[in-house]
Amino acid sequence: MEKINIQTLKESLKYLESKQRQLNRMHETDSRSLESIIKYTKKDMIERFNLLDFDSYIKQEIENTDTFISIVKSIIETNS
């Protein structure tokens with residue numbers, strides 16, 4: 001993975017983490033739109049950065065955002 005891709009992946013990860021924190025704070029309010037943003041962001045990250053090439057199990061963890069974030073952090077660390 002090129003250096004510029006790592007930087008862009010880090011920025012995408014920060015965005016995803018911020019949306020996940022926002023979702024966690026919302027508790028009882030209607031959070032469907034935020035959940036949609038998170039779901040789209042994860043799918044976009046997998047496709048744009050070819051994350052399946054780095055971790056074949058990431059697709060299985062797409063439903064669990066915290067685990068997904070951990071996997072992406074690991075990919076970044078390994079490729080930095």
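Only this structure's heavy atoms are used, side chains among them; waters, hydrogens and symmetry mates stay out.
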(message) I'd like to know if Ile71 and Leu52 are part of one continuous hydrophobic network [Ile/Leu/Val/Met/Phe/Trp/Tyr, side-chain heavy atoms within less than 4.5 Å].
(response)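 Yes, it is one cluster - the side chains of Leu52 and Ile71 are joined through contacts under 4.5 Å.
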(request) Can you run down the side-chain hydrogen bond (donor to acceptor under 3.5 Å, both in side chains) pairs that involve residues 64-77, sequence neighbours left out, and say none if there aren't any? (result)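 Sorted result for residues 64-77: Glu17-Lys73, Lys42-Thr65, Asn64-Thr67.
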(request) Using a 4.5 Å cut-off on heavy atoms from C-beta on, say whether the side chain of Leu23 contacts that of Ile37. (result)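 Counting from C-beta outward, Ile37 and Leu23 never come under 4.5 Å.
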(message) Can you give me the closest heavy-atom contact between Asn79 and Ile75, atom names plus distance?
(response)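 The answer is ND2-O, 2.8 Å.
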Can you tell me how far apart [atom1] ([X]) and [atom2] ([Y]) are? Round to the nearest 0.5 Å.
X: Thr41; Y: Phe68; atom1: OG1; atom2: CZ; value: 9.0 Å
X: Asn50; Y: Asn5; atom1: CG; atom2: CG; value: 9.0 Å
X: Gln7; Y: Leu9; atom1: CD; atom2: CG; value: 9.5 Å
X: Ile58; Y: Ile46; atom1: CD1; atom2: CD1; value: 5.0 Å
X: Ile62; Y: Lys43; atom1: CD1; atom2: NZ; value: 6.0 Å

(request) List in chain and number order the residues that pass side chain to side chain contact (heavy atoms under 4.5 Å, CB included) with Ser12, two or more places apart in sequence or in another chain; answer none if no residue qualifies. (result)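 Result, side chain to side chain contact (heavy atoms under 4.5 Å, CB included) vs Ser12: Met45, Arg48, Phe49.
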(message) Quick test of your reading: applying salt bridge (charged side-chain N to carboxylate O under 4.0 Å, His left out), list the pairs with at least one residue in residues 52-61, sequence neighbours left out, ordered by first then second residue.
(response)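 Listed by first then second residue: nothing to list.
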